[in-house]
Amino acid sequence: MIDEFEQECRLLYEMGLKDSPLRLEYEEKVRDLSILREQMETEGKTKEQIALTMHERRRELGRLYKEAAPPLFREYIYYATAGKYGDPLGPTFERLREYIS
């Protein structure tokens with residue numbers, strides 16, 4: 001456990017959470033969701049349908065990338081996200097609706 005902790009601390013120190021290859025890959029996948037949004041708009045989907053689909057896809061990406069993170073990073077990410085949004089995967093669709101209502 002100590003070796004794992006030291007290894008993860010070294011990784012965090014060397015590249016930080018925001019600059020890790022895993023984080024950068026996640027951000028690219030999130031940006032790529034705009035293609036899906038454009039496709040859904042072309043298909044005539046409603047704003048509500050698009051918003052719900054985009055939210056579900058982004059949460060799923062978040063879950064996948066959080067699970068791919070090293071264990072101690074993962075624990076920290078879930079903890080920080082839950083503290084910020086009240087949910088370890090980020091804001092719920094309903095909570096986002098409250099922000100825009």
Side-chain angles (χ1 to χ4, degrees):
M1 178 73 171
I2 296 296
D3 291 337
E4 178 184 1
F5 178 77
E6 289 174 359
Q7 182 180 8
E8 288 188 42
C9 285
R10 188 171 47 254
L11 280 171
L12 180 60
Y13 178 76
E14 290 172 1
M15 71 177 71
L17 278 176
K18 298 286 185 186
D19 295 327
S20 76
L22 195 60
R23 173 69 186 192
L24 297 175
E25 183 179 314
Y26 163 74
E27 289 175 355
E28 181 180 343
K29 297 282 187 183
V30 169
R31 282 190 301 274
D32 287 348
L33 287 175
S34 65
I35 296 166
L36 174 62
R37 178 186 48 80
E38 291 168 2
Q39 179 184 355
M40 292 180 75
E41 286 173 348
T42 301
E43 293 171 356
K45 303 292 184 190
T46 66
K47 288 183 180 184
E48 178 93 8
Q49 289 171 315
I50 294 169
L52 187 55
T53 299
M54 298 295 287
H55 179 261
E56 289 171 354
R57 296 285 176 91
R58 185 164 182 173
R59 277 178 71 92
E60 180 59 14
L61 281 173
R63 186 191 65 75
L64 290 171
Y65 278 87
K66 284 174 177 77
E67 288 301 314
L72 294 175
F73 282 5
R74 182 181 326 128
E75 285 182 40
Y76 168 77
I77 293 166
Y78 278 129
Y79 174 81
T81 305
K84 184 174 183 177
Y85 299 111
D87 184 304
L89 292 178
T92 63
F93 187 72
E94 293 74 22
R95 185 160 180 194
L96 289 174
R97 289 183 105 179
E98 291 172 9
Y99 292 136
I100 60 172
S101 297

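Heavy-atom basis, side chains included; hydrogens, waters and symmetry copies ignored.
Qualifying side chain to side chain donor-acceptor pair (under 3.5 Å) partners for T46, counting only residues two or more places apart in sequence or in other chains: Q49. For Y26, the side chain to side chain donor-acceptor pair (under 3.5 Å) criterion is met by no residue, not counting sequence neighbours. By the side chain to side chain donor-acceptor pair (under 3.5 Å) test, E41 is found to be paired with R37, residues two or more places apart in sequence or in another chain being considered. By the ring pair (Phe, Tyr, Trp, His ring centres under 6.0 Å) test, Y78 pairs with no residue at all, sequence neighbours left out.
A distance of 12.0 Å separates CG of L52 from NZ of K45, quoted to the nearest 0.5 Å. Here I77 contributes atom CD1 and L72 contributes atom CG; the two are 10.5 Å apart, rounded to the nearest 0.5 Å. With rounding to the nearest 0.5 Å, the separation of CG in L22 from NZ in K66 is 11.0 Å.
Between E60 and R63 there is a salt bridge, since a side-chain N of the basic residue sits under 4.0 Å from a carboxylate O of the acidic one. A salt bridge links R23 to E27: at least one charged side-chain nitrogen sits closer than 4.0 Å to a carboxylate oxygen.
Y79 and F73 fall into different hydrophobic clusters, where Ile, Leu, Val, Met, Phe, Trp and Tyr side chains are chained together by heavy-atom contacts under 4.5 Å. Hydrophobic clustering places L61 together with M40 (ILVMFWY residues linked when any side-chain heavy atoms are closer than 4.5 Å, directly or through intermediates).
Under a 4.5 Å side-chain heavy-atom criterion applied to ILVMFWY residues, the cluster that includes Y85 comprises that residue alone.
Pairs passing the side-chain hydrogen bond (donor to acceptor under 3.5 Å, both in side chains) check and including a residue from residues 50-59, sequence neighbours excluded, read R59-D87.
The shortest distance between side-chain heavy atoms of M54 and F93 does not fall below 4.5 Å.
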Legend entry - L24 and E28: CA distance, side-chain angles, deciding distance, side-chain contact (heavy atoms from CB on, under 4.5 Å) verdict: CA-CA 6 Å; L24 297 175; E28 181 180 343; over 6 Å; no
